[in-house]
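Numbered from 1 within each chain, the chains take letters A, B, ... in sequence-line order. Every value quoted in this text rests on a predicted model; they were computed, and no experiment measured them.
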There are 2 protein chains.
Amino acid sequence: MDKTKRTRLEAAGWRVGDTADFLELTPEEAAFVELKLALADYLRDLRVKNGWSQTHVARVLGSSQSRVAKMEAADASVSVDLLVKSLLALGASRKQVGQVIARAA
Amino acid sequence: MDKTKRTRLEAAGWRVGDTADFLELTPEEAAFVELKLALADYLRDLRVKNGWSQTHVARVLGSSQSRVAKMEAADASVSVDLLVKSLLALGASRKQVGQVIARAA
DNA sequence: GACGCGTATGTCGCATCTGACATATCATCG
DNA sequence: CGATGATATGTCAGATGCGACATACGCGTC
């Protein structure tokens, strides 16, 4: 596994080495986490591409800068619900969201 | 608007005619609800196609029959998180989930 | 160095979601 | 007509997610 990805997974709150051995996710769990990471990356792309700060995005979404940071980090405390709602609120289409999710890992 | 769809939206807990006037959703809200309905429909298709009962699916998911019923109804009390996790757990691929979401309304 | 700006991380009170249970509805079969 | 199985609806206590705040880190500019 890619070291960067592993770090991100840990950051996302997924017990990596909880029991001193290595990442052990069922295929569904893995697919779910990757799906979430993909949405998080897309959110960051969208924001950066438009030259927005996290604070600005937070205002648009009616949220806070810290939550936007956590969204982009795919933190364990953010749901797919929040990511999807946020992307739609920032102008992404349902179709685009679907494509981001469908894109093979 | 299609009468059936309106009924489903009401069932899903979306204030339809709350103030005696008609459904008033921002475009993002509408897209989000439709996205949720699409996932719910797909869950039902997947279950019926395989000849599973809601009770059986509930056992597989580690949940209850009532929650499966609510998922298929896109009840306001079920999140996209739960729908996506359930679909993946029932064997749908990340790609399939994405396609369901991307499919234009 | 000190400031400003953007981002990251930890925590908390409150709101929402979840599984479970009870119960209702509705077929189908004897 | 029971009786059985599948699905729907309402409720609740406990779990999880949310916005907000504080604070820390990095990086330019002065």
Side-chain angles (χ1 to χ4, degrees), chain A residues 4 7-16 28-29 32-33 35-37 39-90, chain B residues 4 7-16 28-29 32-33 35-37 39-90:
Chain A
T4 311
T7 305
R8 296 201 60 197
L9 288 172
E10 294 186 28
W14 290 84
R15 60 256 148 62
V16 173
E28 312 97 78
E29 287 174 332
F32 184 74
V33 176
L35 184 153
K36 208 166 137 179
L37 286 173
L39 290 175
D41 288 345
Y42 187 56
L43 176 62
R44 168 157 279 157
D45 286 353
L46 196 58
R47 177 178 68 80
V48 172
K49 180 175 299 182
N50 287 90
W52 297 327
S53 68
Q54 291 181 346
T55 305
H56 171 73
V57 169
R59 259 199 308 273
V60 173
L61 299 180
S63 181
S64 54
Q65 177 267 325
S66 59
R67 192 131 296 273
V68 175
K70 287 175 212 284
M71 285 190 224
E72 294 184 358
D75 187 280
S77 82
V78 325
S79 68
V80 169
D81 268 84
L82 184 63
L83 283 167
V84 170
K85 280 183 189 163
S86 299
L87 287 172
L88 294 175
L90 291 180
Chain B
T4 311
T7 305
R8 296 200 60 197
L9 288 173
E10 293 186 29
W14 290 83
R15 62 257 148 61
V16 173
E28 312 98 78
E29 286 174 333
F32 185 75
V33 175
L35 185 155
K36 208 166 140 182
L37 286 172
L39 290 174
D41 287 346
Y42 187 57
L43 176 61
R44 168 157 279 158
D45 286 353
L46 194 58
R47 178 178 67 80
V48 172
K49 180 176 300 182
N50 287 89
W52 297 328
S53 67
Q54 291 182 345
T55 305
H56 170 73
V57 169
R59 261 199 308 273
V60 174
L61 300 180
S63 180
S64 55
Q65 177 267 324
S66 59
R67 193 131 295 275
V68 175
K70 288 175 211 287
M71 285 189 224
E72 294 185 357
D75 187 280
S77 82
V78 324
S79 68
V80 169
D81 269 83
L82 184 63
L83 283 166
V84 170
K85 279 183 189 163
S86 299
L87 287 171
L88 294 175
L90 291 179

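The separation between B:Asp81 atom CG and D:dA15 atom P is 19 Å, rounded to whole Å. If you take NE2 of B:His56 and C1' of D:dT7, they are 16 Å apart, rounded to a whole angstrom. One can place CZ of B:Arg44 at 8 Å from C1' of D:dT7, the figure rounded to the nearest angstrom. Rounded to whole Å, the distance from CD on B:Gln54 to P on D:dG5 is 16 Å.
For A:Ala89, the side chain to side chain contact (heavy atoms under 4.5 Å, CB included) criterion is met by A:Leu61, B:Glu28, not counting sequence neighbours. Under the rule for a side-chain hydrogen bond (donor to acceptor under 3.5 Å, both in side chains), the partners of A:Gln54 that lie at least two apart in sequence or sit in another chain are A:Gln65, A:Glu72. By the side-chain hydrogen bond (donor to acceptor under 3.5 Å, both in side chains) test, A:Ser64 pairs with A:Ser66, sequence neighbours left out.
In terms of heavy atoms, A:Leu82 sits closest to A:Ser86 at O-OG, 2.7 Å. A pairwise comparison of heavy atoms in B:Asp81 and A:Val80 identifies OD1-N, 2.7 Å as the closest pair. Minimum heavy-atom separation, A:Leu37 to A:Ala74: CD2-CB, 3.5 Å.
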Tabulate protein N/O versus nucleotide N/O from nucleotides 27-30 of chain C, keeping only pairs under 3.5 Å, one per line.
none

message: Could you walk me through whether A:Met71 and A:Val57 satisfy the side-chain contact (heavy atoms from CB on, under 4.5 Å) test, starting with their C-alpha distance in whole Å, then the side-chain angles of each, then the deciding distance to 0.1 Å, before giving a yes or no?
response: CA-CA 11 Å; A:Met71 285 190 224; A:Val57 169; over 6 Å; no
message: Let's go through A:Leu39 and A:Leu43 carefully: what are the C-alpha distance in whole Å and the side-chain angles of both, what is the deciding distance for side-chain contact (heavy atoms from CB on, under 4.5 Å) to 0.1 Å, and is it a yes or a no?
response: CA-CA 6 Å; A:Leu39 290 175; A:Leu43 176 62; over 6 Å; no
message: Run the side-chain contact (heavy atoms from CB on, under 4.5 Å) test on A:Lys36 and A:Val78 for me, step by step, so that the C-alpha distance in whole Å, both residues' side-chain angles and the decisive distance to 0.1 Å come before the verdict.
response: CA-CA 9 Å; A:Lys36 208 166 137 179; A:Val78 325; 4.3 Å; yes
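The ring pair (Phe, Tyr, Trp, His ring centres under 6.0 Å) contacts involving residues 51-76 of chain A comprise A:Trp52-A:His56, where partners must be two or more places apart or lie in separate chains.
Side-chain contact between A:Leu83 and A:Tyr42: absent, with no pair of heavy atoms (C-beta onward) separated by less than 4.5 Å.
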Letter per nucleotide, 5' to 3', of nucleotides 19-30 of chain D [B base touched, S only sugar-phosphate touched, - untouched; heavy atoms, 4.0 Å]: BBB---------
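Annotation: of the two residues near DNA chain D, A:Val80 and B:Val68, the 5′-most nearest-nucleotide partner is B:Val68.
Contact annotation: A:Ser79 reaches the phosphate of D:dC18 (side-chain N/O to OP1 or OP2, under 4.0 Å).
For DNA chain D, the neighbouring residues in residues 45-53 of chain B, judged by any heavy atom under 4.0 Å, are B:Arg47, B:Ser53.
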